[in-house]
Q: 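Starting off with a structure, shown below.
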Amino acid sequence: RLHRRCIGDAQQQQQQQRMTCRSRSSFFRRELAGSYTFSISVLLVLLAVFLDPVHVCWASVQLVRSLCPASFASRIPWPVVETERWCWQTWHECHGDVVHGAERDPLSIREFNVEEFASLRTAPLDIPWIVRGYLNGTRLQGKWTTEWLSQSPGRGDAYVDFFSDARNELIVPDGRGPLRQVLANIAAGGPEKLGTEMVFRRDPGAVSDLSELSLGDKLGAHYFSPAMLGTILTMPIFAARGFETQTARTDLHCEPIANAVLMLEGEKTWTLLAPEYSHLVSPQVSPDGRAYYYTRLAHASPIFKRLPRQEVVTRQGDLLFVPTWTWHRVDYSPGSMAVAVSLFHFRPVDFWVNHPLYAVMIIPNLVKELFGMKQQ
């Protein structure tokens, strides 16, 4: 009897603890929901004060998309979708001289040779630029090769996400396999595209190889150290090959980070558009919860060819700088396999100054990435 009584008392105590936990959990959920709702209300009021009605409507739609779960993205209510389309159409009508004007030839970007770049005190951060042959003759160029990435046993055995056919419009990788196998498929003529930061996450010591370069002197030494990896620095490796008809590509998008691209092999064509023309490319926040915006214009839309865009071809050994919030599209040149390392680094001042509205509206998705709730 004593034993049964003790068991009964223990069960009753556990039940009371569970009820207490549920009560606390419910309380915290209510408090969190209340504070979240209050924050959203304050944000919408501020937007209404400082922006015109079209921007307020567009920002409200992006907020709805950011706060909805990814599984709900395809079921956004039609009034929200139509409001977004109305915003795009209004912007196009207000800038009809650009949207409906004649096609423009792409503009070139600023170019440096190695000696000119070395003579700079600091690199310009508000415009795109390229340094030709920046890696030529360095130990890094001889080390960071396809063979080094494919090393097995070692980094080549790491399982990575990839796009099974980069000629199609894909936003989220749909394949997964060993790094060495993906690279081998691309080298053999496959349409796959690789974009992974797992190589340097597994081997952070390799980031120290950047010390040979003068990037730290020009862009800020604190950005490119192993200690910053995974915080304000990520280093994805991109690889794919071009085709004569419909080539592998990365469609037009912009991100809250600056990008210093080191071309290791092959060549790619970059098309860049300044943040000030963001409203003319039918922008929308990332549908998969990650921190970027992408265009809803078709890949071959005539509108894009009428905008004052810039174009540059990066080749083996080049260094390309893409400022924060600059729109960019990448097309892989036919007949070769291109491999590059992107030094994504978060520059707080440029994050806010280059596009304040985008900076505010991307915060929900940025939080998801920072806490590992959504990442590629």
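The residues of the chain are indexed from 1 along the displayed sequence. Just so it is clear, the model here is predicted, and its values are computed rather than measured.
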Q: Who else is in the cluster with V349 when I, L, V, M, F, W and Y are joined by side-chain contacts under 4.5 Å?
A: V353

Q: Provide the closest heavy-atom pair for L280 versus L297 in the form atom of the first, atom of the second, distance.
A: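 Taking L280 first and L297 second, the nearest heavy atoms are O-CD1, 3.9 Å.
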
Q: How far does CG of L252 sit from CZ of F304, to the nearest 0.5 angstrom?
A: 5.0 Å

Q: Same cluster for F321 and L120 if Ile/Leu/Val/Met/Phe/Trp/Tyr side chains link at under 4.5 Å?
A: yes

Q: Do the side chains of D209 and K143 get nearer than 4.5 Å, heavy atoms only?
A: yes

Q: Would V131 and V313 show up in the same hydrophobic cluster when neighbours are defined by side-chain heavy atoms closer than 4.5 Å?
A: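 No: no chain of side-chain contacts under 4.5 Å links V131 to V313.
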
Q: Backbone N or O of K305 within a donor-acceptor pair of the R309 side chain at under 3.5 Å?
A: yes

Q: Report the C-alpha separation of F162 and T196 in whole Å, then their side-chain angles, then the decisive distance to 0.1 Å, and conclude whether the side chain to side chain contact (heavy atoms under 4.5 Å, CB included) test is met.
A: CA-CA 8 Å; F162 65 93; T196 179; over 6 Å; no

Q: Taking only residues two or more places apart in sequence, or in another chain, which ones meet H328 in a side-chain contact (heavy atoms from CB on, under 4.5 Å)?
A: H253, E255, W270, L272, V322

Q: Classify the side-chain pair S164/D174 by whether it contains a donor and acceptor separated by less than 3.5 Å.
A: yes

Q: Donor-acceptor pair, K218 side chain versus A118 backbone, under 3.5 Å?
A: yes

Q: Within this structure, what is the OG1-CD1 distance for the pair T83 and I76, rounded to the nearest 0.5 Å?
A: 11.5 Å

Q: Can a donor-acceptor pair be found, under 3.5 Å and without considering hydrogens, that links the side chain of S301 to the backbone of I303?
A: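 Yes, because the side chain of S301 sits within donor-acceptor range (under 3.5 Å) of the backbone of I303.
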
Q: With a 4.5 Å cut-off on side-chain heavy atoms, are P256 and H355 touching?
A: no

Q: Who passes side-chain hydrogen bond (donor to acceptor under 3.5 Å, both in side chains) against E82, sequence neighbours left out?
A: R85

Q: For residues L183 and F243: do they belong to one hydrophobic cluster (side chain heavy atoms under 4.5 Å, members Ile, Leu, Val, Met, Phe, Trp, Tyr)?
A: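 They do not share one cluster, since no chain of ILVMFWY contacts under 4.5 Å joins L183 to F243.
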
Q: Using modelled atom types only, decide if a donor and an acceptor are shared between the side chain of R347 and the backbone of P323 within a distance under 3.5 Å.
A: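 Flag not set: sc R347 to bb P323 has no pair under 3.5 Å.
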
Q: Please name the pair of heavy atoms, one in N136 and one in G317, separated by the smallest distance, quoted to 0.1 Å.
A: OD1-CA, 3.5 Å

Q: Rounded at 0.5 Å granularity, tell me how far CD in Q310 sits from CD1 in I109.
A: 6.5 Å

Q: Hey, are the side chains of H345 and M228 touching, using non-hydrogen atoms and a 4.5 Å cut-off?
A: no

Q: Indicate the atoms forming the closest heavy-atom contact of S208 with P226, along with that distance.
A: OG-CG, 3.5 Å

Q: If we only count heavy atoms from C-beta on, is the F112 to W129 side-chain gap below 4.5 Å?
A: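 Yes, at least one pair of side-chain atoms sits under 4.5 Å.
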
Q: With distance as the sole test, does D157 use its side chain to make a donor-acceptor pair with the main-chain N or O of G154 at under 3.5 Å?
A: yes

Q: If you round to the nearest 0.5 Å, how far is CG of L63 from CD1 of I362?
A: 11.0 Å

Q: Do S66 and K368 get their side chains close enough for a donor-acceptor pair, meaning under 3.5 Å?
A: no

Q: For the pair R201 and T234, evaluate side chain to side chain contact (heavy atoms under 4.5 Å, CB included) and give the outcome as yes or no after the intermediate values.
A: CA-CA 9 Å; R201 285 293 184 98; T234 57; 4.2 Å; yes

Q: Using the rule given for side chain to side chain contact (heavy atoms under 4.5 Å, CB included), can you reason through L219 versus F224, listing the C-alpha separation, both sets of side-chain angles and the distance that settles it, and then say yes or no?
A: CA-CA 9 Å; L219 299 176; F224 307 110; 3.8 Å; yes

Q: Evaluate the side-chain proximity of P128 to I130: yes if any heavy-atom separation is below 4.5 Å, no if none is.
A: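 No; the side chains remain at least 4.5 Å from each other.
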
Q: Strictly distance-based, threshold 3.5 Å: is any side-chain N or O of E116 a donor or acceptor partner for the main-chain N or O of N113?
A: yes

Q: Under 3.5 Å, side chain of N365 to main-chain N/O of R290, donor-acceptor pair present?
A: yes

Q: For residues V281 and L273, report the shortest heavy-atom separation together with the two atoms involved.
A: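 Closest heavy-atom pair between V281 and L273: CG1-CD2, 3.6 Å.
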
Q: Side-chain heavy atoms under 4.5 angstrom apart, residues restricted to Ile, Leu, Val, Met, Phe, Trp, Tyr: same cluster for W86 and V285?
A: yes

Q: With a 4.5 Å cut-off on side-chain heavy atoms, are V160 and I237 touching?
A: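 They are not in side-chain contact.
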
Q: For Y134, check ring pair (Phe, Tyr, Trp, His ring centres under 6.0 Å) against everything at least two apart and list the hits.
A: F117

Q: Check for me, please, whether L194 and Y159 land in the same ILVMFWY cluster - side-chain distances under 4.5 Å, paths through other members count.
A: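 Not linked; separate clusters.
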
Q: Nearest 0.5 angstrom please: F238 CZ to Y332 OH, how far?
A: 7.0 Å

Q: Would you call E84 and R296 a salt bridge, using N to O less than 4.0 angstrom?
A: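 Salt bridge absent between E84 and R296.
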
Q: Distance check, rounded to the nearest 0.5 Å: S278 atom OG versus Y358 atom OH?
A: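 Output value for this atom pair is 4.0 Å.
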
Q: Counting C-beta onward and ignoring hydrogens, is there a side-chain heavy-atom pair between E111 and R132 closer than 4.5 Å?
A: yes

Q: Please report the closest heavy-atom contact between P283 and W58, naming both atoms and the distance.
A: O-NE1, 3.1 Å

Q: Using residues 261-269 as the side-chain source, report each donor-acceptor pair under 3.5 Å to any protein atom, sequence neighbours left out, with the distance given to one decimal.
A:
{"unit_1": "E265", "atom_1": "OE1", "unit_2": "T146", "atom_2": "OG1", "d": "3.1"}
{"unit_1": "E265", "atom_1": "OE2", "unit_2": "T146", "atom_2": "N", "d": "3.3"}
{"unit_1": "E265", "atom_1": "OE2", "unit_2": "T146", "atom_2": "OG1", "d": "2.6"}
{"unit_1": "E267", "atom_1": "OE2", "unit_2": "S333", "atom_2": "OG", "d": "3.2"}

Q: Please report the shortest heavy-atom distance between L140 and E212, naming the atom on each side.
A: N-OE1, 3.3 Å

Q: Parallel, tilted or perpendicular, judged at 30° and 60°: which one describes the rings of W148 and F200?
A: tilted

Q: Give a yes or no answer on whether the side chain of D161 reaches the backbone of R176 with a donor-acceptor pair at less than 3.5 Å.
A: no

Q: Pair up each side-chain donor or acceptor in residues 93-107 with any protein partner under 3.5 Å, not counting sequence neighbours, and list the distances.
A:
{"unit_1": "E93", "atom_1": "OE2", "unit_2": "Q89", "atom_2": "NE2", "d": "3.2"}
{"unit_1": "H95", "atom_1": "ND1", "unit_2": "W91", "atom_2": "O", "d": "3.0"}
{"unit_1": "R104", "atom_1": "NE", "unit_2": "R306", "atom_2": "O", "d": "3.1"}

Q: Quick one: does R241's side chain have a donor or acceptor within less than 3.5 Å of a partner on I186's backbone?
A: yes

Q: Which one of Y223, W325, F351 satisfies the ring pair (Phe, Tyr, Trp, His ring centres under 6.0 Å) criterion with F346?
A: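 With F346 as partner, ring pair (Phe, Tyr, Trp, His ring centres under 6.0 Å) holds for just one option, F351.
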
Q: Please assess V360 against W352 for the test side chain to side chain contact (heavy atoms under 4.5 Å, CB included), listing each intermediate value before the final yes or no.
A: CA-CA 8 Å; V360 172; W352 291 106; 3.8 Å; yes

